[in-house]
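Data first, discussion second: the structure below is written as structure tokens.
Below, chains carry the letters A, B, ... as their sequence lines are ordered, and counting in each starts from 1.
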Amino acid sequence: MLSIISPLMRLIEIPMLALQRLLGINRLAWVFLLPNLVLFGLFAFLPVILNFFYATSGSDNVMLADRPYVGARNFVTLMDCSSYLDPNTCREDKFWRAVWNTSWFVTLQVGFMVGFSLLTAIILNRDIRARGFFRSVFFFPVLLSPVVVALIWKWILQREGVMNAFLDWTGIGGYNWLVDAQWAFTWSVFISVWAHMGFYTLILLAGLQAIPRDVYEAATMDRASPWRTFRRITLPLLSPTMLVVLVLALIKGVQTFDEIYAFTGGGPGTATTFIIQYIYEEGFAGAPRLFGLAAAASLMVAIVLLILTLIQLWVNRRNADG
Amino acid sequence: MKMTTMSTTAIAALVAGAGMASAQEVRFMCYSDGNECEVYEDVLGRFEAENPGIDVVIDVVPYQSILENLPVQLAAGTGPDIAKVTDLGGLNEYYLDLAPYVDREYWEESFGDTLDWYRAGGDDDGIYGMHSQLTITGAFVNATLFEQAGVEMPGEGATWDDWAAASREVAEATEASFPMAIDRSGHRVAGPAISYGALYFDDEGNGSFEGFQPFAEAFVAWNEDGTMARDVWASQGGSTYQDAAQEFINGDLVFYYSGSWQVGRMDEQVGDFFDWQVIGSPCGPAGPCSGMPGGAGVVGFEQTENPEAVAAVIDYLAQEDVYAEVTARTRNLPAHLGVAAAGVEFENASPAAQDALNAFAASLPDVSPIAFAYQGYASNRAMFGITVERLSQAIVGELTVAEAMERAEDDLEAAMAEAN
């Protein structure tokens, strides 16, 4: 193996040394970064810049050259509200319904997700029977495509679905879950937690296993109660991991789209329409295609996500610094 | 010998190469409601045999791609040469005018008013599309449920209220889940809305929801009191399309308002499970018993490199014998006046399906001029979407009917301001 690699390395060495002599050792780093920078620039940075141009231009033309500059008009349209708490008073009421739905969804989903993930991780960290099997069971939904998740639950919850068949059989009687706005929202939160909990459980499980055993042994010797051990040892030592989980779940929560779109289509009415669906519908599904409004809304979401990402980076750095 | 073989091979390769270089490739983006693309593939195979210089490649895509991807491709200049579309007037800016390449007189005689649906309006007299399948909305009724309930079907000239009352009675007597349902689509409610007085245009000919409120009130009330299947409109968000065909096929629905394109599905899936029939469109308080025409058409695009070949392909499909064959094999209503006048013997259609298609064809004269104009209005897709979104919000109680109508007008104004 080495006999193949060595000549190859020598082959690369010649041009690399020449390049190093030409650019100097410090600038050579940029050569190594270049492929990644090009990809990032083309597929991440350039779209953000284009998005900014779309957000500040009007009409339903796709080509930027054909779109007249309208300044902040799209942002003004989105922000034109008598009361931000009541979408009915807003010019773009669908945007504000989506904003409020997303806010409630993220609050509930992240809260339940972190809570249940923690509980599951603690149980799966104990020496229980068939622990490996249960770890797989909780992680399995993460492997499913969001559309598959949505279709499974739609079949369960629709009027003639499995759930109603069961409720009819027990004599309780079925219910039209997906036509009731509150139930449709509640099930959306539940499904989202069910589908993603395994991922966060895995992170928390890793965090739990990183806590040194001897700390627990010392607590046992001091006759600390299980609750006190959890409160005084587990929680504080797990809090850096929990913070990472919280921020990641928040980011994912704000980005929620595919599974809920396939599950309820955003309905009934706008009860489960979230901000990404609003952007998609304004920009691509509707007629005419309001690219400007969609781009302005997506820039606003990008700012929220940027703030959350900065928090995550700060948390990671703080954890790394110990 | 070896030399001769090599020379022959070289000449054959050269001839083939030259042939390939001169062949004009025409890409046809096609979607099927039933078997349309399959039939086109077969028919256009004969066209290729008759026109060796033209190679037609049919790209079969889902309907969603025609609605969402095709307009973006056209705007970016990367669209196909030909497509089967339903946003007839909305894509006008990209159409290839076939007039210089085809016999105008034949096309105008054959396709009459449907040619207007593809035009930009005003003094535009271009020939842009061949209306390949004419559809009309109308109601399917479960005749077996009526018979079991001992309720007589409302007769000719019956109103929406008459049908609502009869359907409720039948559903109660037979324990069917739903008395009535209308597809969740702005196009589908247009006919009933016109029967209730919707004008769809203001005095200057611009799109408007004037006169829509009486139907909206009746429709929301029917959804609240259980006359309409609430699942269809209330279990979805946005402007997502939702039909109730499966409920009708399952025998759960007494009266189903959809359209002629569902006949094939009913024929295949209902079979002899129960008797069904088409009753056209009920009348409304404003007078008309109007359905909404529609359908799909085959158009060419200006950005093609082979406009003559594109026109030749579409013109071939528009010829009476070819059109009649495609119509019979796909079991669609013909928009070609010659074919319609001669009558169509639909292939593999049961007597029930044949009767249904005839009933739909018979309801065409009742179509209101407003419905014809609305179908040809370039911004009708925007209006369809707004109708669905705002009407759904009124049904689920997010807005009152009056608020929903006010919002619909505002949405339309905003959409018009952004549209080209």
Among side-chain atoms of B:Glu398 and A:Thr270, is any donor-acceptor pair under 3.5 angstrom? yes
For residues B:Ala234 and A:Pro268, report the shortest heavy-atom separation together with the two atoms involved. O-CB, 2.7 Å
What part of A:Glu160 gets closer than 4.5 Å to chain B, counting heavy atoms only: side chain, backbone, both or neither? side chain
Under 4.5 Å from any heavy atom of chain A, what part of B:Gln242 do you find: side chain, backbone, both or neither? neither
Which atoms of B:Ser379 come close to chain A, meaning under 4.5 Å heavy atom to heavy atom: side chain ones, backbone ones, both, or neither? neither
Contact part of A:Pro87 toward chain B, heavy-atom cut-off under 4.5 Å: side chain, backbone, both or neither? backbone
So does B:Glu418 pair up with A:Arg73, basic N to acidic O under 4.0 Å? yes
Test side-chain contact (heavy atoms from CB on, under 4.5 Å), reference B:Ser235, set A:Asn176, A:Thr264, A:Val179, output is A:Val179
Of the backbone (N, CA, C, O) and the side chain (C-beta and beyond), which part of B:Asn69 lies under 4.5 Å from a heavy atom of chain A, both, or neither? neither
A:Ala181 versus chain B, the contacting section by heavy-atom distance below 4.5 Å: neither
I need the residue from A:Asn88, A:Thr273, A:Leu290, A:Val62 with the largest number of non-hydrogen atom pairs under 4.5 Å to chain B. A:Asn88
Cut-off 4.5 Å, heavy atoms of chain A, and the answer for B:Leu399 is side chain
Quick check for you: among B:Ala414, B:Gly77, B:Gly238, which has the greatest number of heavy-atom pairs under 4.5 Å with chain A? B:Gly238
Hey, which of B:Leu67, B:Val72, B:Val396 has the most heavy atom pairs under 4.5 Å with chain A? B:Val396
So for A:Arg91, is it side chain, backbone, both, or neither that comes closer than 4.5 Å to the heavy atoms of chain B? backbone
With a 4.5 angstrom heavy-atom cut-off, which part of B:Glu406 approaches chain A: side chain, backbone, both or neither? neither
Check each atom of B:Asp410 against the heavy atoms of chain A and say whether the ones under 4.5 Å are side chain, backbone, both or neither. neither
Side-chain ion pair, A:Asp93 and B:Arg390, N-O less than 4.0 Å: yes
Who among B:Glu389, B:Gln393, B:Gln236 has the most heavy-atom pairs with chain A under 4.5 Å? B:Gln236
